[in-house]
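I have placed the structure first, in the form of structure tokens, so that the comments after it can refer back to it.
Computed from a predicted model, the values in this text were never measured in an experiment. Note that these values count all heavy atoms, side chains included, but never hydrogens, waters or copies made by symmetry.
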Amino acid sequence: MTPDRTATLIDAEETSTFSVHALDMPLDDVAEILARTESGYLAGEYAWISRTFVEERAPSCAVWRRRYEDMLQYAHKHGYLSPDNTHIRAHLEFHGHR
């Protein structure tokens with residue numbers, strides 16, 4: 001989440017961690033941005049990010065795809081995928097506001 005109220009994918013090459021960074025905004029704003037950009041939704045203390053959102057913004061190379069698939073397998077094994085496998089659970093990290 002950025003101050004201009006958009007959702008972006010940063011550090012797409014990094015597949016060992018997955019989090020939403022909220023820059024100086026309250027939780028309600030995060031929920032609104034996720035809904036408006038169709039990038040995900042909040043549930044409890046986590047954000048659930050659309051796989052489509054990630055895949056449309058990720059590097060288009062075989063190495064990334066393989067690492068992403070490994071991340072998805074790990075997520076599935078640990079219950080970090082939504083029941084319909086369309087969203088990935090992400091930690092919420094707040095910077096400057098909550």
Side-chain angles (χ1 to χ4, degrees):
M1 307 290 111
T2 62
D4 64 352
R5 303 184 59 78
T6 61
T8 60
L9 183 64
I10 57 172
D11 295 331
E13 294 82 15
E14 177 57 59
T15 57
S16 64
T17 62
F18 196 67
S19 60
V20 170
H21 294 258
L23 305 176
D24 196 29
M25 66 183 61
L27 191 58
D28 289 345
D29 288 359
V30 174
E32 184 273 324
I33 292 167
L34 289 173
R36 180 176 41 80
T37 60
E38 298 181 354
S39 55
Y41 60 92
L42 296 182
E45 61 189 72
Y46 298 104
W48 291 84
I49 304 303
S50 163
R51 287 179 55 182
T52 301
F53 178 84
V54 172
E55 293 162 9
E56 287 177 348
R57 289 158 182 81
S60 59
C61 68
V63 172
W64 180 86
R65 177 51 82 178
R66 185 176 62 249
R67 292 177 68 201
Y68 178 67
E69 292 296 330
D70 289 346
M71 182 188 84
L72 292 176
Q73 286 179 5
Y74 179 88
H76 178 71
K77 179 179 176 183
H78 291 88
Y80 303 154
L81 291 179
S82 61
D84 61 1
N85 289 324
T86 60
H87 289 75
I88 309 162
R89 189 176 91 174
H91 295 280
L92 287 169
E93 296 187 20
F94 290 89
H95 304 274
H97 197 287
R98 182 150 189 201

Could you measure the distance from the [atom1] atom of [X] to the [atom2] atom of [Y]? Nearest 0.5 Å is fine.
X   : Y   : atom1 : atom2 : result
E56 : S39 : CD    : OG    : 11.0 Å
I88 : H76 : CD1   : NE2   : 13.5 Å
H87 : I49 : NE2   : CD1   : 7.5 Å
Y68 : Q73 : OH    : CD    : 12.0 Å

* Asked: Can you name the closest pair of heavy atoms from E38 and S50 and give their distance?
  ->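 Looks like O-CB, 4.1 Å.
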
* Closest approach of L92 to A47 (non-hydrogen atoms, all atoms of both residues) ->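 That closest heavy-atom pairing would be CD2-CB, 3.8 Å.
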
* Is a side-chain donor or acceptor of R51 paired with a backbone partner of N85 at a separation under 3.5 angstrom? ->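 Yes; judged by distance alone, with no hydrogens or angles, the pair exists.
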
* **Same cluster (ILVMFWY, side-chain, under 4.5 Å), L27 and Y46** =>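 Shared cluster, no.
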
Is any side-chain heavy atom of [X] less than 4.5 Å from a side-chain heavy atom of [Y]?
X   : Y   : answer
D29 : E32 : no
V30 : M25 : yes
F53 : L34 : no

* Asked: How far apart are the C-alpha atoms of T86 and T52, what are their side-chain angles, what is the distance that settles it, and do they pass the side-chain contact (heavy atoms from CB on, under 4.5 Å) test?
  -> CA-CA 8 Å; T86 60; T52 301; over 6 Å; no

* To do: Measure up the Y41 and W48 rings against each other and bin them: parallel (under 30°), tilted (30 to 60°), perpendicular (over 60°).
  =>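 Plane angle under 30°, so parallel.
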
